[in-house]
Chemist: 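My structure is below; once you've seen it, I'll send some questions.
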Number of protein chains: 2
Amino acid sequence: MKKKILIVGGVAGGASAAARLRRLSEEDEIIMFERGPHVSFSNCALPYHLSGLIDEADRLVLMSPEKFLVQYNIQARVNNEVLSINKEEKYALIKNLLTGETYKENYDKLVLSPGAKPIVPNIPGIEEVNVFTIRNVVDIDKLNKYIKSMDAKDIVVIGGGYVGVEAAENLREADYNVTLIEGTDQILRPFDYDMVQILHKELYDHGIDLIVGDKVEKFEKDTVVLGSGKKVNAKVVVMAIGVSPETALAKEAALDIGETGAIKVDQNYRTNDENIYAVGDAIEVYNSLTHSVQKLSLAGPAQKQARSVADHMNGKKGINKGYIGSSAIKVFDYNGASTGLNEALINVLNMKIQYDVVRVILTDKVGIMPNSSPVHLKLLFEVPTGKILGAQAIGKGDVTKRIDVIATAIKFGGTLEDLKDLELCYAPPFSTAKDVVNYAGYVGSNLLNGDFKQVNVDLVRGLVEHNSHIIDVRERGEFASGHIKNAVNIPLSELRQRINEIPKDKPVYLHCRTGQRSYNATLALQNLGFSKVYNITGSFLALSFYEYFNDKTKNRESIVTEYNFR
Amino acid sequence: MKKKILIVGGVAGGASAAARLRRLSEEDEIIMFERGPHVSFSNCALPYHLSGLIDEADRLVLMSPEKFLVQYNIQARVNNEVLSINKEEKYALIKNLLTGETYKENYDKLVLSPGAKPIVPNIPGIEEVNVFTIRNVVDIDKLNKYIKSMDAKDIVVIGGGYVGVEAAENLREADYNVTLIEGTDQILRPFDYDMVQILHKELYDHGIDLIVGDKVEKFEKDTVVLGSGKKVNAKVVVMAIGVSPETALAKEAALDIGETGAIKVDQNYRTNDENIYAVGDAIEVYNSLTHSVQKLSLAGPAQKQARSVADHMNGKKGINKGYIGSSAIKVFDYNGASTGLNEALINVLNMKIQYDVVRVILTDKVGIMPNSSPVHLKLLFEVPTGKILGAQAIGKGDVTKRIDVIATAIKFGGTLEDLKDLELCYAPPFSTAKDVVNYAGYVGSNLLNGDFKQVNVDLVRGLVEHNSHIIDVRERGEFASGHIKNAVNIPLSELRQRINEIPKDKPVYLHCRTGQRSYNATLALQNLGFSKVYNITGSFLALSFYEYFNDKTKNRESIVTEYNFR
């Protein structure tokens, strides 16, 4: 039976729904409305126009209304805003923004894919600065043209989420003076505080003035004034503190809004009206790890939801397994990726879950290959089941690969034992014979079995301040080039001969560069009758990152004599 | 209870076993014997010394006997060959190859990790050429020094397995005239014939004279004579036709040898003698997909087996889940990776398994990002269960990531539905919102559900020769720059208007560049009442690769007017 389907919003969710709907039926009438002048643009690639990596703004637009018509027989009405929905009489009221004319369009089924809009808080003096937001091609084109036209170079980006960091990076690549201001103590919440320090440092190293833990209090003429009293010049302010789901239309049509403030949908992405579906950034989804609903502004899930909606409308049943949330970001020379739960989220949600953490560092490829570099991997697992809960990886090499593998394992309810057993592709240019993912499985499994104990890098400052017994098992030359204050150097190669120098009656904390040699030393000591031995997970390399930015921003005395980021 | 453990072989398996054994016990006496002068070198990285990517041969050696002693209290006796094992009296007879002296060493447990040796067949005239093999650091150093010292540039590599191809690539990078000779019709058996053509072409494009389907008949003075009569100059011959497990010691000790010719072990990698274990290239393992034993010369499995053996000796139980085999290779600008079953293997083993194949091509990252390039993915799944059986990916971008994800899914018994549902990390520099792995899940699922039908690129020549109705749905400009002979061009954008030009009563075969537009066209035609529509999977891009090298080697007339490898 021929259906008439209206789609509100023509980007990730809307365009995907339209294309899938057409593939399932040639006869349905499909009309897609987009308020802006473009449908189907690459949302996530917008910031890359600022650096010129994507040279023309037009290239961000992937499909034209003309192509939608001739290739898919889909009407894509740009510059047409849906003003309201009458769900009893099943029609939408639409305004043609070019002609000003309003008109009705009836429907059998309707899909809401309006997305989310950048939040612009009403900070005092906001009229004194040039505020830009980044949501679509028009926005990025406008921002780019404005900054190219001005003589000044000072730009402030407010908000350290994905959009803020990517905007800051790309503006810096275009040689602007960029200040990135984040109100909380860290950027990029998908990463835990201990992990994200690597990215904090990377921004800093590339000349971005990163300010964390300081909020914007007010604006003065071309100036951002912070809570600390600090003033920052800002010819342009990019506001990227977050997005808010576009729910006006849904609310006006009396559709249910969930507890998160986003549109509430059922397992088939249907609203409380049986003929209206909703997808993308405007809805809340079920997280299968937290067992609660959340907003999820990711393009992959939006496309999946769109497809499910098209299938459901056409009588094809699917199963909604919920979401775990996987994402990635490039920050200059570093790559970061994460999936599932992190420690901060577990704490924020006050989840009643017992977990432990593995932190390992291993080269992304065989160490002797050119450009091999460390992958920092943090893995959370449930105690006592060993079930994988989440992971974060940061490094210059291929970190998305490792997180994709772990995300896949999580989807199957995988455990540490499963990670040990994975057969991943190995050749020297791509990985190591035992990949960092396998390695994390081994370490986690040892931890879960009680084979050794560990403390994380974030506790090392406390150990130093309490004069704990820290043993550095790196070789003498490595120790000489920088070490933790008051640490004792007993290289692994001298450990067994100098065993009498190590106290048996009090805790000792071992570390090396990445934690592998100290792990061997930890087990050796345990096997020799030492019962209070702890491996410092992350070891000197992770500690160096952790302390570096902390020292800079907190103006405190360093606990390591020198940093070594090799 | 203190044990004395002997390990025969000091590379991947042996060294891993030794290190793990030490971590589990400080008191055990561990002695590792290695016939050659080095333990613990990077086997897989050997070929990269030939190009100078790894500059000094010494860098291939990862651990010295001295380090084993001081860091792990492990005796690593290089230049010591184990001559025989007396399993009743539990001792080994060893020869010190430097002094010529032989001595006994008794043991409680013994681990065999002797590896596999390159096969050098007794081809007539073999004394007329300089034959080299690549097994260890001494071999590669000798080969490298020899070729650097000679004036001539002509090198022949015999055998298109991983070692042969990597040797050929690295020799070519060092500017030698390289001929690679493979007796069967393709290199690299982990890839199916249709997929491997991309790598055939890549070798060819980089100036390697690749000869497939021709065997070495004899050697004459600095010359290789092929079965076809062709003669190739060869100042150096690198013999890389395969390896044979080192079983002499095991046979002499009357240990069971399996049907594959490798050492037979139980689920704990124990031979038929309860005190003797064996790991690595010398053993046969259980393949959990073919449900049969096989040889598996991979470093990752060897390390895993070594760890299992150490655990088992120390009373730690593990579960042997068998192997699926995952591997990867770089071939100049292309990367290739594979896991699980491929079509050739299913045929060779005459497996009673119903399967179907997905072939998809999607960019590795967002198409508008610089350096985005197609990933060619072939996925095998079981019919009617949809269970994933294996996959191969080739492209210039990150293909190991995609195969690692699929390998992980296979380990969990994953299906096409699972691939659709995976949440993989997305950001424009790393992937697309719907990754090629998800996409393969969607296409496979449609295929399994009977939503459309396909034919593979390898059947297109037959279609052309039988004057089948092939429709090219690319746009006119694309068609003009090269197309399949006699194909009709009906661009997707004109499809619905020109529907009357398409016959309803006979099969029509659709393609575009990668198969996505033609998939849309296929569904549109079906929905319009055409029942005999086939999508050509792989489409014009895959066909171009497929036909290119075939045409060159088989001297036949091309079925496409021009190649377009964009």
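None of the values given here were measured: they were computed from a predicted structure. Order of the sequence lines sets the chain letters (A, B, ...), proteins ahead of strands, with each chain counted from 1.
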Chemist: Under 4.5 Å heavy-atom distance to chain A, tell me which part of Tyr323(B) shows up: side chain, backbone, both or neither.
Modeler: both
Chemist: Taking side chain as everything from C-beta outward and backbone as N, CA, C, O, which of these in Asp398(A) sits under 4.5 Å from a heavy atom of chain B? Side chain, backbone, both or neither.
Modeler: side chain
Chemist: Considering all heavy atoms of both residues, which atom of Ala328(A) and which atom of Ala427(B) are nearest to each other, and what is their separation?
Modeler: O-CB, 3.3 Å
Chemist: Tell me the closest heavy-atom pair linking Pro429(B) and Tyr48(A), and the distance in Å.
Modeler: CG-OH, 3.4 Å
Chemist: If I compare all heavy atoms of Ile324(B) with all of Glu423(A), which pair ends up nearest, and what's the gap?
Modeler: N-OE2, 2.8 Å
Chemist: Please assess Asp418(A) against Lys321(B) for the test side-chain contact (heavy atoms from CB on, under 4.5 Å), listing each intermediate value before the final yes or no.
Modeler: CA-CA 10 Å; Asp418(A) 292 315; Lys321(B) 294 191 175 172; 3.2 Å; yes
Chemist: If I measure from the heavy atoms of chain A, does Leu495(B) come under 4.5 Å with its side chain, its backbone, both, or neither?
Modeler: neither
Chemist: Under 4.5 Å heavy-atom distance to chain A, tell me which part of Lys365(B) shows up: side chain, backbone, both or neither.
Modeler: neither
Chemist: Under 4.5 Å, counting heavy-atom pairs only, tell me which of Ser431(A), Pro370(A), Ser42(A), Ala19(A) racks up the most with chain B.
Modeler: Pro370(A)
Chemist: What is the distance from atom CD of Glu26(A) to atom CG of Leu523(B), rounded to the nearest 0.5 Å?
Modeler: 9.0 Å
Chemist: Flag the one option from Leu60(A), Asp435(A), Leu53(A) with the top tally of heavy-atom pairs under 4.5 Å to chain B.
Modeler: Leu53(A)
Chemist: Counting only non-hydrogen atoms closer than 4.5 Å, does Ser16(A) touch chain B with its backbone (N, CA, C, O), its side chain (CB onward), both, or neither?
Modeler: neither
Chemist: Can you name the closest pair of heavy atoms from Cys425(B) and Ser326(A) and give their distance?
Modeler: N-CB, 4.0 Å
Chemist: Please state whether the side chain, the backbone, both or neither of Tyr426(B) comes within less than 4.5 Å of a heavy atom of chain A.
Modeler: both
Chemist: Side-chain donor-acceptor pair under 3.5 Å between Lys67(A) and Ser493(B), yes or no?
Modeler: no
Chemist: Is the closest basic N to carboxylate O distance between Arg402(B) and Asp404(A) below 4.0 Å?
Modeler: no
Chemist: To check you understand the geometry: which heavy-atom pair defines the closest contact between Thr400(A) and Phe430(B), and what is its length?
Modeler: CG2-CG, 3.6 Å
Chemist: Which bit of Asn446(B) is near chain A, if near means a heavy-atom gap under 4.5 Å: side chain, backbone, both or neither?
Modeler: side chain
Chemist: Would you say the side chain of Tyr442(B) lies within less than 4.5 Å of the side chain of Arg20(A), judging by non-hydrogen atoms?
Modeler: no
Chemist: Just how far is it from atom CD of Gln303(A) to atom OH of Tyr439(B), taken to the nearest 0.5 Å?
Modeler: 12.0 Å
Chemist: At a heavy-atom separation under 4.5 Å, does Lys411(B) approach chain A through its side chain, its backbone, both, or neither?
Modeler: side chain
Chemist: For the candidates Pro47(B), Gly300(B), Pro428(B), Ala409(B), which exhibits the highest count of non-hydrogen atom pairs separated by less than 4.5 Å from chain A?
Modeler: Pro428(B)
Chemist: Among Arg307(A), Arg517(A), Glu66(A), single out the residue with the greatest number of heavy-atom pairs under 4.5 Å to chain B.
Modeler: Arg307(A)
Chemist: To the nearest 0.5 angstrom, please state how far the CZ atom of Arg59(B) sits from the CD1 atom of Ile368(A).
Modeler: 6.0 Å
Chemist: Check whether Glu475(B) gets within reach of chain A through its side chain, its backbone, both or neither, counting any heavy atom under 4.5 Å.
Modeler: side chain
Chemist: Under a 4.5 Å cutoff for heavy-atom pairs, which residue among Ile54(B), Leu528(B), Asp421(B), Leu422(B) has the most contacts with chain A?
Modeler: Asp421(B)
Chemist: Side chain, backbone, both or neither: which part of Val366(B) has a non-hydrogen atom closer than 4.5 Å to chain A?
Modeler: side chain
Chemist: List the atom of Leu424(B), the atom of Thr408(A), and the distance in Å for their closest heavy-atom pair.
Modeler: CD2-OG1, 4.0 Å
Chemist: What part of Leu24(B) gets closer than 4.5 Å to chain A, counting heavy atoms only: side chain, backbone, both or neither?
Modeler: backbone
Chemist: As an exercise: rank Gly414(B), Ala407(B), Gly325(B), Ser327(B) by heavy-atom pairs under 4.5 Å with chain A and give me the winner.
Modeler: Ser327(B)
Chemist: Within this structure, what is the CZ-CG distance for the pair Arg23(B) and Asn527(A), rounded to the nearest 0.5 Å?
Modeler: 11.0 Å
Chemist: Which bit of Thr522(B) comes within less than 4.5 Å of chain A, counting heavy atoms only: side chain, backbone, both or neither?
Modeler: neither
Chemist: Please determine, among Lys304(A), Lys434(A), Gln526(A), the option with the most heavy-atom pairs under 4.5 Å with chain B.
Modeler: Lys304(A)
Chemist: Under a 3.5 Å cutoff, is there a donor and acceptor pairing between the side chains of Asn73(A) and Arg496(B)?
Modeler: no
